[in-house]
Each structure stands twice: as C-alpha cells, then as structure tokens.
Peer 1: 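One structure, as structure tokens, below. Some questions next.
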Amino acid sequence: MTTRKIRVRFAPSPTGYLHVGGARTALFNWLFARNQGGIFLLRIEDTDVERNRPELVEGILDDLKWLGVEWDEGPFFQSERLELYREAAERLLAAGAAYPCFCAPSQYAGPEAKEESEESEEEAAPAARQTCPCRGLSAAERDAKVRAGLPYAIRFHVPESGSTKFRDEVFGDREVQNDEIEDFALLRSSRLPTYQLSVVVDDIAMGITHVIRGADHLSNTPKQVLLYRALGAEPPIFAHVPLILGPDRTRLSKRHGATSVGAYAGEGFLPEAFRNFLVLLGWSTGDDTELLDTGEMVERFSLAGVSRTNAVFDRAKLEWFNTQYLQKLPIERLLPYVEGELRRAELWQEAWAGPDRAWLAHAVDLIRPRTRLLGDFTSWSRGFFTDDFDYEKAAREKFWKDERLPAMLEKLAGALDAAPEWNHDACDRALRDLAAAEGVKAGLLINATRVALVGRAVAPPLFETMVVLGRERVVRRIRQAIPKITGN
RNA sequence: GGCGCCAUAGUGCAACGGUUAGCACGGCAGGCUUUCAAUCUGCAAAUCCGGGUUCGAUUCCCGGUGGCGCUACCA
C-alpha cells in the first residue's frame, strides 16, 4: 500500500459555533487519523470577510477540546495565507487555465431570485450550464478592460468536454461530465479566494491524503479535482459522510433547538456520551455494538463502516447515552463534572474537595441511578446539597394528604432523634416500628418523609437518603415540614 | 428548472442472493411497592411503489415517487 503517512484535517469556518454536523465530521477525521496512525490537523477557513466572526474561533476550539478531539497540527488560518491563493490563481491565469471575469457579482442570482422564479412558474429558464461571456474575450479585450481599471474575478476555465473522475470511500467511484460543471470563481474581485481555491491550495500544501467532510460537498468535488490537476497535484481520496438532519428531516438548524456542541455541554451532557452518540450517526461497527469507549472507537473506526444515508438527530437517544455514561463512569471521573454543576448552581462547598470528599461521593452514588443529565444533580436532588430547597407541588399533593401525618411525623422525628445508631437499618427499624404502632403502612410514612427531606416525589430510597443527610438534618427537616403539611 | 445522492419499524443501525428481517432508543402494557425519571417482564412497529434478473430478492438492474444536496465573487 501507500507508504505516505495519512494526513487529514477538519476545516470549520468561523461563521457560527461548532454545530453537531461539524463536530461529527471532526470526530470522524480524528478517529480515522488515530486508527491509521496518521496526523489530524485543524484549519480555520476564514476567507469570507463579510460573514467571518474571529471571536468565534476560540469557542470552536473549546468545543473540540471538550469533545476530546485534539489536533496534531494547527490551527492554521487561511486569512494568513492569502498570498498563496493569489499566487495559485495568477499561475492558473498565466497558464490559460483561468480567465478574468468582469461581470458584476450581483448578476449571479442568489437564493432569493430562485424563489421568485418559482412564483413566476413555468417560465423558469431552462438554463443548463451558463458560460460566462468573459470567457470568450480576446487577450486584447481583456487587457483593455484590466487597464481601464475594471474590477474582475478570476474564473476557472472548465474543459468543455470529457469527464472528471474521483474516488470516494463512502459513495464509491464517481464520474461527472465536464459540461455539467460551470466555470467557477477562484478569486473574487476583492482578491480574496473562494472556498474552491483555498481548500485545494491548502490541502495540497498541507499534504492532505484523505478529505473527510460532509456530503454537501459531494457535488462540488469535481471542481476541486479539476483544480488539483490544473495545479499539477494528485487529488486525495475523498470520503463524504452523510448529513445530520433535524427531526423534520430538513437540514439541522437553529429552528431545531440546540445545534451547537457548546449548548449540549452546557445542558449537562458528558463529552464521552455525546461523542458516542455522534459516532453512531452515520457509522456503525457492523454489529450491534453501541457503547464504545475511546479506545474501542479508535480501534474499530473505518470509512467502510460509514453509511450513505442521512441521519436524523434524535435527542432522546442522546439522553439515553448520557444516562448510560452517567451510570457507568467511575466515581472519580464523575465527581469533577458534578463539581462543575454544583459550582454553576452556586451550591459548591470547598469541604467537598477535601475532608468531605467521601460524603460527596456517597451522595452522588445515591442520586445517580435516577439522573439523565448533569443538571439533575442540582435540580431535583438539590436538597442533598443545600437546605435551600422547596417542596414540589406534585409531591405535596401526592404524599402529604393524610391528616394523621403531622402527628406521626413528630413522633418519627423523636424516634429518629433517639435512635441508638445512625445507619440504614436503624432508620428503617425506627420508621417501621412507628408505622406498626400507628397501624399504618410503612409506605405512607416513607413517602411523606421523603418529601419532607428532599422536597420531591421522585428521589432516591429513603433510608439511604437519611444516612447521607445525617441525623441532625433529617430530624430538623422533618420538623420543619410538619407545619406545611397541616396547612396543605 | 438542471445535475447528483439516498431510500429497512417513529429514530439510529444490522442482515452485503436464502434468517420467523436482528439490535438499540422511543412508544405502549404489566410487575415490583419505598416514590419513579430507578428496575424487571412483555407487546406493537419496517424492507417506498411498479417492473424485471434469479430456483430464490431487503440485497442486483430499470422506471416512478419521495427526501436531501449542489447549482454564489458562502463555506
């Protein structure tokens, strides 16, 4: 096979945050590089001055790091390599592979014009391939226009016959007739390169061997292959990965709610869970394996396993993955995430990093079977970490109805206060003895007490909760709750 | 409009000429009784349509339909 070292790249443009589609592309590139012992580099495609937002770059890098996708080289910025693209364009111009175009940019209709033509129904222009009139200009005419100071773009002269072939590891060998390809722009009249030019120049310069990117680039690939050849380079191997769609099967966008990686990080998803979910969108191991740790992912990833079908982003499944990781993550890996969550909620206490670390671990282990997101550690389980919590309405209505409760809870508080020991069995015995003496089912007291202790109907088992909270707090919270029950 | 790609339960994937079409999420129904968003059990649910090829098509070919993409001096 090839002796050349595999080199791949992820090339986002800072026109927005890192969205899930881009994240998945980055992940695939990274996995492929790691699997092949190759190099993964990062390149920022910031050649569109209009839409470019430099302040967004840092966020994109942060999101990639959060995901665990780390680059070996870069980030490289195209805005710092403009001279390279200009030279390439000039070279193609000199070689006759490109020509200056003096047309006004506006005469190339954008999306709006397209909609208009739909309204005017039938009369849609049969426009096959539109050839720029500037292509036919004689050398003298061109010189005259240039000398007159007319602004011009540089356009690639696509061969009028023949076909262009390339290899795609996902979609197979492709072939496109050249007469289907329009003369595309390489350099804008502002002397800034278009994507088509800069991507090829850089991929050549950076020795990229495999271009793994979204399938939305599939149709434009022939243009780039033409450019590689015109620039005297061998095209890389391509691998276009299917798109990620929203639940309505249209391209994922803000309309579908959170689409940025950062939003999911902020919502309390674990990076390992998010990554696992992402890798299975458009790729599979070939068997029924779903839970894959980083090592397994790297080991098993291959372009052959990439699907050709667009995938719908399913948040419910993402939450399931998160739940899985939340349950299985070793406590020492989970604790830092919980700490972050508690800090955000302003509930963090320094002692939990020191002497009370074991207590925190105990509480987290008790709470986690019922958690799906990190936020669950500060929402319904808030009462474990602070006295400042409230009694959920649904919980009060469901478990604080019996009018005998205030009296019984007062007795329970007394019994617990006097219990010879403070552990699961002692609490259990104290409560059940009381229930028996009062002639009520233990469940009545258990459920009412749970609400008194943490304010929720859905919460961990009671006696372990008592152990975690400690005798003093348990007795106090039961007594504090009593008046609220009466008034209910 | 033109060109292209894709098509298995609601969703993500398996089955790459022969299976009762498998797994997971979600859904629904029960169990547990110390709540449920925890847990256990069970159930429903798919090969887009029409032609071929073949002893045999989810699978190969053609047509249709649908979805998506591209068709920018955006990336």
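Every chain is numbered from 1 and lettered A, B, ... according to where its sequence line falls, protein lines coming before strand lines.
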Peer 1: Looking for any heavy atom pair under 4.0 Å, which part of the strands does A:His240 touch: base, sugar-phosphate only, or nothing?
Peer 2: nothing
Peer 1: Rounded to whole angstrom units, what separation is found between the CG atom of A:Asp179 and the P atom of B:rG2?
Peer 2: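 Atom CG in A:Asp179 sits about 16 Å away from atom P in B:rG2.
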Peer 1: Does A:Asn310 make a side-chain N or O approach to OP1 or OP2 of B:rG67 shorter than 4.0 Å?
Peer 2: no
Peer 1: Using Watson-Crick pairs (N1 to N3, plus N6-O4 or O6-N4) and G-U wobble pairs, both distances under 3.5 Å, which stems of at least 3 pairs involve RNA chain B?
Peer 2: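 The stems are B:1-7 with B:65-71, B:10-13 with B:22-25, B:27-31 with B:39-43, B:48-52 with B:60-64.
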Peer 1: Give me each pair satisfying ring pair (Phe, Tyr, Trp, His ring centres under 6.0 Å) with a member in residues 447-466 of chain A, each pair once, sequence neighbours excluded.
Peer 2: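 Matches after skipping sequence neighbours: A:His424-A:Phe463.
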Peer 1: Under 4.0 Å between a side-chain N/O of A:Arg308 and OP1 or OP2 of B:rA7, yes or no?
Peer 2: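 Checking A:Arg308 against B:rA7: no side-chain N or O falls below 4.0 Å of OP1 or OP2.
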Peer 1: Between A:Asp216 (CG) and B:rG4 (C1'), how many Å, whole number?
Peer 2: 13 Å
Peer 1: Work out how far the P atom of B:rG4 is from that of B:rA44, and round it to whole angstrom.
Peer 2: 43 Å
Peer 1: If I take atom CG in residue A:Asp183 and atom P in nucleotide B:rU71, what distance separates them, rounded to the nearest angstrom?
Peer 2: 15 Å
Peer 1: Validate the cation-pi geometry between A:Arg81 and A:Phe77: distance from NZ or CZ to the six-membered ring centre under 6.0 Å, angle to the ring axis within 45°.
Peer 2: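 Ring-cation test returns no.
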Peer 1: Would you state whether a donor and an acceptor, one from the side chain of A:Ser189 and one from the base of B:rC73, lie under 3.5 Å apart?
Peer 2: yes
Peer 1: Among residues at least two apart in sequence or on other chains, which ones pass salt bridge (charged side-chain N to carboxylate O under 4.0 Å, His left out) with A:Arg473?
Peer 2: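 Scan of A:Arg473 (salt bridge (charged side-chain N to carboxylate O under 4.0 Å, His left out), adjacent residues dropped) gives none.
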Peer 1: I'd like to know if A:Arg251 pairs up with A:Asp216 as an ion pair, taking the criterion as any Lys NZ or Arg NE/NH1/NH2 lying under 4.0 Å from an Asp or Glu carboxylate oxygen.
Peer 2: yes
Peer 1: Assuming nearest nucleotide by heavy-atom distance, tell me which of A:Thr285 and A:Leu245 is located more 5' along RNA chain B.
Peer 2: A:Thr285
Peer 1: Roughly how far apart, to the nearest Å, are B:rC48 and B:rU59 at atom C1'?
Peer 2: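 That atom pair is separated by 16 Å.
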Peer 1: Scan the side chains in residues 267-274 of chain A for donor-acceptor partners under 3.5 Å anywhere in the protein, sequence neighbours excluded, and list what turns up.
Peer 2:
| from | atom 1 | to | atom 2 | distance (Å) |
| --- | --- | --- | --- | --- |
| A:Glu267 | OE1 | A:Arg315 | NH1 | 3.2 |
| A:Glu267 | OE1 | A:Arg315 | NH2 | 2.6 |
| A:Glu267 | OE2 | A:Arg315 | NH1 | 3.2 |
| A:Glu272 | OE1 | A:Arg333 | NH2 | 2.7 |
| A:Glu272 | OE2 | A:Tyr337 | OH | 2.9 |

Peer 1: Using the P atom as the reference point in each nucleotide, state the distance between B:rC16 and B:rG22 in Å, no decimals.
Peer 2: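 Between the two P atoms, the distance is 14 Å.
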Peer 1: Between B:rG10 and B:rG27, how far is it from one C1' atom to the other, in whole Å?
Peer 2: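 Result for the C1' pair: 9 Å, nearest Å.
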Peer 1: Give A:Gln196 one of three labels, base, sugar-phosphate or nothing, depending on what nucleic acid heavy atoms sit under 4.0 Å from its own.
Peer 2: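 Contact class for A:Gln196: base.
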Peer 1: Tell me whether the side-chain N/O atoms of A:Ser198 come closer than 4.0 Å to OP1 or OP2 in B:rA75.
Peer 2: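 The answer is no; no side-chain N or O of A:Ser198 sits under 4.0 Å from OP1 or OP2.
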Peer 1: Could you measure between the two P atoms, the one in B:rC23 and the one in B:rA14, and give it in whole Å?
Peer 2: 16 Å
Peer 1: Assess whether side-chain contact (heavy atoms from CB on, under 4.5 Å) is satisfied between A:Leu318 and A:Phe313, documenting all intermediate values.
Peer 2: CA-CA 9 Å; A:Leu318 168 60; A:Phe313 185 92; 4.0 Å; yes
Peer 1: Testing the 3.5 Å rule here: is there a donor-acceptor pair between the side chains of A:Asn276 and A:Tyr325?
Peer 2: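 A pair is found: one side chain offers a donor N or O, the other an acceptor, under 3.5 Å apart.
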Peer 1: Measure CZ/A:Arg251 against P/B:rC70 and give the value in whole Å, please.
Peer 2: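 Computing the A:Arg251:CZ to B:rC70:P distance gives 5 Å.
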Peer 1: On the nucleotide B:rA75, are OP1 or OP2 found under 4.0 Å from the side-chain N or O atoms that A:Thr15 carries?
Peer 2: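 Checking B:rA75 against A:Thr15, no side-chain N or O comes under 4.0 Å of OP1 or OP2.
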Peer 1: Are a donor atom and an acceptor atom from the side chains of A:Thr164 and A:Asn178 found within less than 3.5 Å of each other?
Peer 2: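 Indeed, the side chains of A:Thr164 and A:Asn178 share at least one donor-acceptor pair under 3.5 Å.
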Peer 1: Taking the nucleotide of RNA chain B with the closest heavy atom to each, which residue, A:Phe171 or A:Thr250, is nearer the 5' end?
Peer 2: A:Phe171
Peer 1: Quick check: any donor-acceptor pair below 3.5 Å linking the side-chain of A:Asp314 to the base of B:rG12?
Peer 2: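 Looking at the base of B:rG12, it does not pair with any donor or acceptor on the side chain of A:Asp314 (distance under 3.5 Å).
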Peer 1: Does B:rG12 have its OP1 or OP2 closer than 4.0 Å to a side-chain nitrogen or oxygen of A:Arg249?
Peer 2: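 So the side-chain polar atoms of A:Arg249 do come within 4.0 Å of the phosphate oxygens OP1 or OP2 of B:rG12, strictly under.
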Peer 1: Is any side-chain N of the basic residue among A:Arg191 and A:Glu90 closer than 4.0 Å to the acidic one's carboxylate O?
Peer 2: yes
Peer 1: Students often get this wrong, so: under 4.0 angstrom with heavy atoms, is A:Gly214 touching a base, only sugar-phosphate, or nothing?
Peer 2: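 Touches nothing.
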Peer 1: Could you check how far CZ of A:Arg53 sits from C1' of B:rA75, rounded to whole Å?
Peer 2: 16 Å
Peer 1: Taking the same atom, P, in B:rU35 and in B:rG31, what whole-Å distance lies between them?
Peer 2: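 The answer is 13 Å between these two P atoms.
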Peer 1: Closest approach to the side chain of A:Trp320, judged atom by atom: which nucleotide of B:rA75, B:rA24, B:rG2 is it?
Peer 2: B:rA24
Peer 1: Quick one: label A:Glu290 by what it contacts on the DNA or RNA (base, sugar-phosphate, nothing), any heavy atom closer than 4.0 Å.
Peer 2: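 If one applies the 4.0 Å heavy-atom cut-off, A:Glu290 turns out to touch a base.
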Peer 1: Salt bridge between A:Asp287 and A:Arg300, side-chain N to carboxylate O under 4.0 Å?
Peer 2: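 Yes, charged N to carboxylate O under 4.0 Å.
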Peer 1: Report the distance from atom CG of A:Leu192 to atom P of B:rC74, rounded to the nearest whole Å.
Peer 2: 9 Å
Peer 1: Distance check, C1' atoms only: B:rA45 and B:rC28, in whole angstrom units.
Peer 2: 11 Å
Peer 1: Starting at the 5' end of nucleotides 33-47 of chain B, put B wherever the base has a protein heavy atom under 4.0 Å, S where only the sugar-phosphate does, and a dash everywhere else.
Peer 2: -BBBBS---------
Peer 1: Using atom P of each nucleotide, how far apart are B:rG63 and B:rU47 to the nearest Å?
Peer 2: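 Result for the P pair: 24 Å, nearest Å.
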Peer 1: To the side chain of A:Leu218, which of B:rC5, B:rC23, B:rU11 is closest?
Peer 2: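 Of all the options, the side chain of A:Leu218 is nearest to B:rC5.
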Peer 1: Does atom CD of A:Glu55 have more than 12 heavy-atom neighbours from other groups under 6.0 Å away?
Peer 2: yes
Peer 1: Check the phosphate of B:rA72 against A:Arg188, side-chain N and O only, distance under 4.0 Å to OP1 or OP2. Yes or no?
Peer 2: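 Answer is no, no contact under 4.0 Å.
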Peer 1: A:Arg188: which residues meet the side chain to side chain contact (heavy atoms under 4.5 Å, CB included) condition with it, sequence neighbours left out?
Peer 2: A:Thr47, A:Asp48, A:Ser190, A:Leu192, A:Thr194
Peer 1: Check the distance between B:rC25's P and A:Leu278's CG and give it to me in whole angstrom.
Peer 2: 19 Å
Peer 1: Whole-Å distance between B:rC3 P and A:Arg174 CZ?
Peer 2: 15 Å
Peer 1: Could you please name the option among B:rC25, B:rA14, B:rC73 that lies closest to any side-chain atom of A:Asp288?
Peer 2: B:rA14
